[in-house]
Amino acid sequence: MEKCKPRLLKGFRDVFTQEYLARRWMIETISKVYERYGFIPIETPSVEYVDVLGKYLPECDKAQEGIFSFRDSDQSLVALRYDLTAPLARVVAQYKEIPRPLRRYQLGIVWRNEKPGLGRFREFYQLDMDIVGIASMQADSEVCCIICDSMESLNILPGEYLVKVNNRKILNGILEKAGIPPVAEDGSFTDRALITLRAIDKLDRMGMKGVIELLGKGRRDESGDFTQGADLSPSQIQALESYLSIKGDRKTVCNDLWELVKGSSMGEEGVKELQEMDQFFTFAGYPQEKICFDPTIVRGLSYYTGPVFETVLTIPYKDEKGNERDFGSVFSGGRYDGLVARFLGEKVPATGASIGLDRLLEAIKCYGKLKTPKATTQVLITTMDKTLSQEYHKMAFALRKAGINTEVYLGKGPLPKQLKYADYWDIPIAILLGGDEFQNNQVTIKDLRKGRILSQEIQDREEWRKGQPAQITISRDNLLGCVQEMLQQKN
RNA sequence: GCAGCCGUAGCUCAGAUUGGCCUAGAGCGCCUGACUGUGGAUCAGGAGGUCAUGGGUUCGACCCCCAUCGGCUGUACCA
């Protein structure tokens, strides 16, 4: 018979205990921050109709590339959700009785059928928060503050992260002023505007030189691959270069931007919105070490209509080959006033952001900051003498009653194997009860972590074995107290 | 999608100058034992690979050629 090979689809992973626990902690911690701002949780299904997700291509009766789609039993085209925002728009349109503003948060897995990379998977968790029904910049500002609070709740400090804010209206204004019509008659971006915006978005990765090449004729990368450029005139490129060179504190950026967009009503509106946000951040106590204005931020091209935000990790990371690596944006979003209009006709203003939990987790792992244990078990009761089986279980139930995570070793192996098992899972305490102890109504408790440390200094086997490091034999009546004390020493 | 590099035990890798000495090795890990009821260390044994797959060149291929699949990196796209 042909054997089945155990294997995974690319971009899909098994998540083991250590990462699972870290992710669970992140979810709980961030949810609390969201709730502190008055957000309530909602859950929607993982599968939706493709047109509901806004990814239907009627011409060819197919879903857009990059999403996992399939046919339901009635032949309708359905797909795994690729974000949590489109389902939110559906909910808002479907349950009109829900009062606005609606502040909801949602945890969910999303799927993207694209090439995976560092911190990029085809299946990953997002934790979204959105405010629906409010056009005011107060909403967008709050979203940015929540991003900061969330990052800091995860012990990522100001200076280790940075929220970068821009406004799509400013980008459109700049394009307009540079003589590149941003939108065509049907409201979609012109080709030249698309290529230009994509080029701008790459500044952080390619630097100004690469972006200028992309704004002009095009660029050849190090593997020899050529990317077609926007084919702008030197004066247009010059105008964009001075836009992209704007730096400084929030007020300076706003002032410089104003000079560049002056005359474009769209651009002026965008700068005014930024100024409003700056005021909010300032009185709320969010300095530019946390939230800055960055004209190079573009974000996705399809639905953002106003402020856009991206959060980057500023701690440098080098991979094992010594190459500088960038995790990209870990917490991003923006205003999307047009999303619900697809369903209702009327425009419903909305803004929000989404944290990519798995990418952030991957980053934390790479930084060596993952501190969760390999297992949640606190005590392993070894089983030396099978005739004492009942005693082992009795002890286990007593410990569990006191809230201690306890496992009775149910396998067959000899004691060394059982202790190795505890070592493998990082279990802090092992309990030994053999004939000797049983006779004297005693029990032996081993502090495995302490023993692990001690063993590094011991060379001689006799010393190791006879010394029986980090273990005590006590009366069985004191078992619970001793275990509790030993566990407390850990934390 | 496009381009470059790569593909040898569970993991990390070695396998020299133009193909023969490879009936393919090491370290780590794993299993058994020395150590009477104790993790580490040490020692002795052991399991585990059709050298990604298929074809070709050759007297002879892990090594050369072609194709396919898979991986990494860059690039494109990215809600």
Side-chain angles (χ1 to χ4, degrees), chain A residues 5-11 53-55 63-67 79 81-89 110-118 120 122 126 128 194-195 198-199 201-202 205-206 210 214 218-228 298-304 319-321 323 325 328-329 332-334 336 339 354 356 380 382-385 388 413-427 429-438 444-471 473:
Chain A
K5 271 198 190 111
R7 69 218 135 104
L8 284 171
L9 277 70
K10 70 174 166 192
L53 294 176
K55 295 288 146 184
Q64 265 180 37
E65 254 182 68
I67 80 166
R81 63 183 173 209
Y82 61 86
D83 74 4
L84 301 173
T85 313
L88 171 65
V110 301
W111 293 266
R112 295 186 186 182
N113 193 1
E114 60 192 12
K115 190 184 146 187
L118 177 69
R120 296 185 68 147
R122 293 164 86 200
Q126 287 194 331
D128 274 40
L194 275 176
I195 298 174
R198 282 176 193 146
D201 194 35
K202 294 185 175 79
R205 277 186 288 147
M206 298 188 177
L214 282 173
R219 174 176 180 272
R220 189 170 296 283
D221 69 45
E222 57 207 62
S223 71
D225 198 23
F226 185 74
T227 308
Q228 184 62 45
V298 178
R299 302 283 314 140
L301 296 166
S302 59
Y303 64 54
Y304 292 115
D319 65 17
E320 59 277 4
K321 287 173 193 152
N323 299 316
R325 300 298 300 272
S329 168
S332 49
Y336 49 97
L339 251 201
S354 173
L380 180 76
T382 60
T383 53
M384 274 189 276
D385 183 344
L388 294 173
L415 189 57
K417 190 173 172 179
Q418 300 187 26
L419 290 169
K420 275 191 168 184
Y421 173 86
D423 263 337
Y424 180 85
W425 291 112
D426 241 350
I427 297 172
I429 291 176
I431 289 178
L432 279 63
L433 176 76
D436 298 350
E437 284 96 344
F438 185 64
T444 297
I445 309 180
K446 280 184 84 73
D447 188 332
L448 293 173
R449 288 188 183 166
K450 206 171 181 180
R452 257 165 243 152
I453 295 163
L454 288 176
S455 79
Q456 290 168 4
E457 293 154 16
I458 296 174
Q459 297 301 316
D460 179 58
R461 178 166 176 83
E462 281 303 300
E463 190 188 343
W464 169 250
R465 281 191 71 184
K466 292 269 159 58
Q468 294 180 332
Q471 79 176 48
T473 300

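The figures that follow rest on heavy atoms only: side chains count, while hydrogens, waters and symmetry mates do not. Keep in mind that this is a model prediction, so the values were computed, not measured. Proteins come first, then strands; the chains are lettered A, B, ... in the order of their sequence lines, and each starts at number 1.
- In this structure, the CG atom of A/D201 is 8 Å from the P atom of B/A79, given to the nearest Å.
- Both distances falling under 3.5 Å, in either a Watson-Crick or a G-U wobble arrangement, occur for no nucleotide opposite B/G40.
- Residue-level contact check: A/E437 touches the bases, meaning some heavy atom is under 4.0 Å from a base atom.
- Between the side chain of A/R112 and the main chain of A/Y82, a donor-acceptor pair closer than 3.5 Å is present.
- Annotation: B/A9 and B/U36 have their P atoms spaced 37 Å apart (nearest Å).
- Put simply, CD1 on A/I429 is 16 Å from C1' on B/U38, counting in whole angstrom units.
- The side chain of A/K446 sits closest to B/G39 out of B/A76, B/A79, B/G39.
- No engagement by A/L53 is indicated, since no non-hydrogen atom pair under 4.0 Å with the nucleic acid exists.
- Straight-line distance between the P atoms of B/U12 and B/G7: roughly 13 Å, to the nearest whole Å.
- To the nearest 0.5 Å, the span separating CG on A/L432 from CD on A/Q471 amounts to 6.5 Å.
- Among all heavy-atom pairs drawn from A/S329 and A/R299, the shortest one is OG-NH1, 4.4 Å.
- Comparing the P positions of B/C62 and B/U57 gives an interatomic distance of 16 Å, to the nearest angstrom.
- A/K10 comes within 4.0 angstrom of sugar-phosphate atoms only, judged by non-hydrogen atoms across all strands, and of no base.
- Taking each heavy atom of A/G451 and A/A470 in turn, the nearest pair found is N-CB, 3.7 Å.
- Pair assignment for B/G19: none, as no Watson-Crick or G-U wobble contacts are both less than 3.5 Å.
- Figure legend. B/A67 is base-paired to B/U53; pairs are counted as Watson-Crick or G-U wobble with both atom distances under 3.5 Å.
- Within the nucleic acid shown, A/D436 comes within 4.0 Å of at least one base atom, counting heavy atoms only.
- Shown here for A/Q64 and A/G54, the closest heavy-atom pair between the two residues is NE2-O, 4.1 Å.
- Considering OG1 of A/T227 and CZ of A/R198, their distance stands at 11.5 Å, rounded to 0.5 Å.
- Looking at residues two or more places apart in sequence or on another chain, you find a side-chain hydrogen bond (donor to acceptor under 3.5 Å, both in side chains) between A/N113 and A/R122.
- Residue contacts for A/D83: at a heavy-atom cut-off of 4.0 Å it reaches the sugar-phosphate backbone alone, with no base atom in range.
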Tabulate atom names and distances for all N/O pairs under 3.5 angstrom spanning the protein and nucleotides 43-46 of chain B.
none

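- Nucleotides B/G49 and B/C78 have their P atoms positioned 47 Å apart, rounded to a whole Å.
- Separating the C1' atom of B/C69 from that of B/G54 is a span of 10 Å, rounded to the nearest Å.
- Between B/A76, B/G40, B/U38, one nucleotide has an atom nearer to the side chain of A/T444 than all others, and that is B/U38.
- With C1' as the reference atom, B/G71 and B/U53 are 15 Å apart, rounded to whole Å.
- Rounded to an integer number of Å, the gap from CG of A/L339 to P of B/A79 is 12 Å.
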*Given side-chain contact (heavy atoms from CB on, under 4.5 Å), test A/T85 with A/Y303 step by step and report yes or no.*
CA-CA 11 Å; A/T85 313; A/Y303 64 54; 3.8 Å; yes
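- For the C1' atoms, the distance linking B/C77 with B/C66 amounts to 32 Å, nearest Å.
- Nearest to the side-chain atoms of A/M206 among the listed nucleotides B/C78, B/A76, B/U38 stands B/A76.
- For A/K115 and B/G74, a side-chain-to-base donor-acceptor distance below 3.5 Å is present, hydrogens and geometry of angles not being considered.
- Figure legend. B/G27 is base-paired to B/C11; pairs are counted as Watson-Crick or G-U wobble with both atom distances under 3.5 Å.
- Per the geometry, CZ belonging to A/R205 stands 11 Å off P belonging to B/C78, to the nearest Å.
- Which of B/G40, B/U75, B/G39 sits closest to the side chain of A/L448 comes down to B/G39.
- The separation between A/L88 atom CG and B/A79 atom P is 17 Å, rounded to whole Å.
- Taking a pair to require two hydrogen-bonding distances under 3.5 Å in either a Watson-Crick or a G-U wobble arrangement, B/G48 remains unpaired.
- Each of A/P416 and A/E114 lies near RNA chain B, and the nucleotide nearest A/P416 is the one positioned closer to the 5' end.
- Looking at A/E437 and A/T473, their side chains never bring a donor and an acceptor atom within 3.5 Å of each other.
- Separating the CD1 atom of A/I445 from the C1' atom of B/G37 is a distance of 17 Å, rounded to the nearest angstrom.
- A donor and an acceptor atom never sit less than 3.5 Å apart when one is taken from the side chain of A/Q471 and the other from the base of B/G39.
- Neither OP1 nor OP2 of B/C78 sits under 4.0 Å from any side-chain N or O of A/R122.
- If you find the closest nucleotide of RNA chain B to A/R299 and to A/L419, the one lying nearer the 5' end belongs to A/L419.
- Nucleotide B/C72 forms a pair with B/G4, judged by Watson-Crick or G-U wobble geometry with both contacts under 3.5 Å.
- Comparing B/G39, B/C78, B/A76 by their closest approach to the side chain of A/R112 singles out B/C78.
- The distance from atom CG of A/L432 to atom P of B/G37 is 13 Å, rounded to the nearest whole Å.
- Distance check, rounded to the nearest 0.5 Å: CZ of A/R449 to CD1 of A/I427 gives 10.0 Å.
- Close to B/C77, at under 4.0 Å from its OP1 or OP2, lies a side-chain N or O of A/K202.
- Across all strands shown, A/Y82 has heavy atoms under 4.0 Å from base atoms, whether or not it also approaches the sugar-phosphate.
- Rounded to an integer number of Å, the gap from OH of A/Y424 to C1' of B/C31 is 16 Å.
- Rounded to the nearest Å, the gap between the P atom of B/C31 and that of B/A16 is 34 Å.
- Taking only distance into account, the side chain of A/Q418 never meets the base of B/U38 through a donor-acceptor pair shorter than 3.5 Å.
- Side-chain contact between A/L88 and A/L84 is absent, with no heavy atoms from C-beta onward closer than 4.5 Å.
- Phosphate proximity of B/A76 to A/R198: absent, as no side-chain N or O sits under 4.0 Å from OP1 or OP2.
- With distances taken from any side-chain atom of A/R219 to the nucleotides B/U38, B/C77, B/U75, the minimum falls on B/U75.
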